[in-house]
Amino acid sequence: MTSPHPPRRASTAAGPAPVSPYGDALSRDELAAALAARRELGPDYDAAFADAVVERIERSLDARLGARQVGGSGTVLAVVSLLTAIPLTAIAVVNAGTPGLLVVWAAITLINVAHALRRR
């Protein structure tokens with residue numbers, strides 16, 4: 001049985017195919033090649049062709065969503081750290097003075113550094 005996936009083109013007339021930062025994305029050239037292959041194969045392979053295209057689009061969307069979620073978590077932590085630092089700083093200074101201030105900011109710094117190192 002013949003594979004429903006057309007062969008991938010390594011380059012176009014304009015030069016090498018662009019590399020997506022999201023991994024295995026479906027480019028316009030690949031979709032055009034897949035449509036041409038589907039026309040050659042005939043209507044017997046329509047379901048397999050549709051399944052293959054949908055699968056590639058889903059993988060591309062999953063990769064893009066994953067990349068956005070990873071990039072946004074550092075910003076969220078930074079904002080939350082600053083919002084919690086304000087009241088914690090006030091409480092620490094009133095109750096423990098300068099040593100309390102140093103402990104609060106050391107803890108906030110350590111949390112942010114640990115989060116940054118964990119993401120690598």
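The model shown is predicted, which means the values in this text are computed figures rather than measured ones.
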Once rounded to the nearest 0.5 Å, what's the spacing between atom [atom1] of [X] and atom [atom2] of [Y]?
X	Y	atom1	atom2	value
Asn112	Ser81	CG	OG	3.5 Å
Thr89	Leu82	OG1	CG	10.0 Å
Ile108	Thr84	CD1	OG1	5.0 Å
Leu117	His115	CG	NE2	10.5 Å

Heavy-atom closest contact (Pro99 atom, Ala96 atom, distance): CD-O, 3.3 Å

Is there a chain of hydrophobic side chains (I, L, V, M, F, W, Y, each step under 4.5 Å between heavy atoms) that links Val103 to Ile91? no

